[in-house]
Amino acid sequence: MSAVLAATGQRLRDHPAIGAEGLRRLGQGGPVGLAGAGAVGARLARALAPAGVPLWIVDRGRVEPPNVGTQLYGLDDVGAPKVEALRRHLAGLRPGSAIKTRWGDIRRVGARALGRCRVLVGCLDSLRDRAWLAQMAAWLEVPYLDLALDGTGQTLYGRAAGFLPSERTACPCCGWDEAIWAEVASETAGPACGAMTGAESEPPATLALPGLAEIIAGLGGVQVLRLLLGEDRHRVLDREWRINLSSGRLSESALSRSARCRLDHRPWRQVFVDRAPSALTVGELFDLAARLLGGEAALEVPGEALVVAAGCPACRRPRATSHLRSALPACPDCGRRLVPLAEAIHDRLRPDEVRHVLDRSWKELGLVSGGVVVAEGSGVRSAFVFEEEGEPTR
Ligand SMILES: [Zn+2]
Ligand SMILES: [Zn+2]
């Protein structure tokens, strides 16, 4: 058995672009953060795992019967979280390799964990999730690879693109038009109020041919290895590869920054807080920010807002709250999820406007483990990145 173990990875050691040194570089340091374990994401993980690349895979779905045979999963996996089934499939590919998983929404992953990744890869159906992850990658200055294919089955089209957004370079949303942003807005709004009980519905399973997913995952896998090995980064970042077998076109192009892009391309000045959200109050962070920025600061949780009053769609009764929008509690009478009242939403927090929450911890407000709060004052912006609660989610 030890001879078998020693021989694993031999082909990669023999490879002229990798070798023993390259193999060491692939295996050391932060993980590749992989969002989405569906048709493309799971195959990408399978392409990277044999090279000993540490992986951190996040997906909120379970294996459904239509996934069997079209994704990597088998009948035995039906019902299991995709990340758990995937971990089982990857286990034998390279003994001892570091593969961690998280079953949940990518948007509930804290900045601390995302910032540890050497590369982030989005293999997501949801435009809203892709925009969110691309924005986090830009703020955290982590290279981002976006992989997508036509899941309607109408064309044999897929693409991959690499980014490290800055003031001058492109981000994944630079090419998005009004129609795409309208789709993002409709995803964010979700189904009509009252129909929801808090559970998110899964998008329909992809109709893309499995081979197309293999192509895009393989393309992504090669580009991730090039990013990690370092020498060819300039051939991966700010570039896009498109495959359209319906029209017979394969192409590569350079990407450039759009002046009309809605994403913020300015990276954060990060300040690492040595406490978890449960161990710091809102008031304490206001004080910390004022000291650091040299004057009163406004605080903001990216992509969130503080909701101070909400209503129950069923009981039709307003209720006082002090939670971030994504962490609104259920109605104590009927259990439905509360919805924020329009006039009771604070995007930016100022100390005199949120006096009633100054002694609450950030966790009580609903900030995720290892989350981030951005402080802005006197024209300076700093991002306070919290520690993770308990054991880091590695
Ligand atoms: Zn952009
Ligand atoms: Zn109610």
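Start at 1 and go down the list; that is how both ligands and their atoms are numbered.
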- Note on the structure: In short, Ala113 meets Val109 closest at the heavy-atom pair CB-CG1, 4.1 Å
- Message: With a 4.0 Å cut-off on N to O distance, would you call Glu84 and Arg62 a salt bridge?
- Response: no
- Where does the angle between the aromatic ring planes of His89 and Tyr73 fall among parallel (under 30°), tilted (30 to 60°) and perpendicular (over 60°)? perpendicular
- Out of curiosity, Arg159 CZ to Asn244 CG, how far, rounded to the nearest 0.5 Å? 13.0 Å
- Query: Looking at OG1 of Thr321 and CG of Leu341, how far apart are the two atoms once the value is rounded to the nearest 0.5 Å?
  - Reply: 8.5 Å
- Note on the structure: Under 2.8 Å from the Zn ion (ligand 2), the protein N, O or S atoms found are Cys312 SG, Cys315 SG, Cys331 SG, Cys334 SG
- Task: Decide, yes or no, whether a salt bridge links Glu304 with Arg107 under the criterion of side-chain N to carboxylate O below 4.0 Å.
- Result: no
- Task: Heavy atoms only: give me the nearest Ala42-Leu72 pair and the separation to one decimal.
- Result: O-CD1, 3.5 Å
- Note on the structure: Taken by chain and residue number, the protein N/O/S atoms under 2.8 Å from the Zn ion (ligand 1) read Cys171 SG, Cys174 SG, Cys261 SG, His265 NE2
- Quick one: pull up CD in Glu387 and CG in Leu280 and give me the separation to the nearest 0.5 Å. 12.5 Å
- Item | NZ/NE/NH1/NH2 to OD/OE distance under 4.0 Å, Arg348 and Glu300 | yes
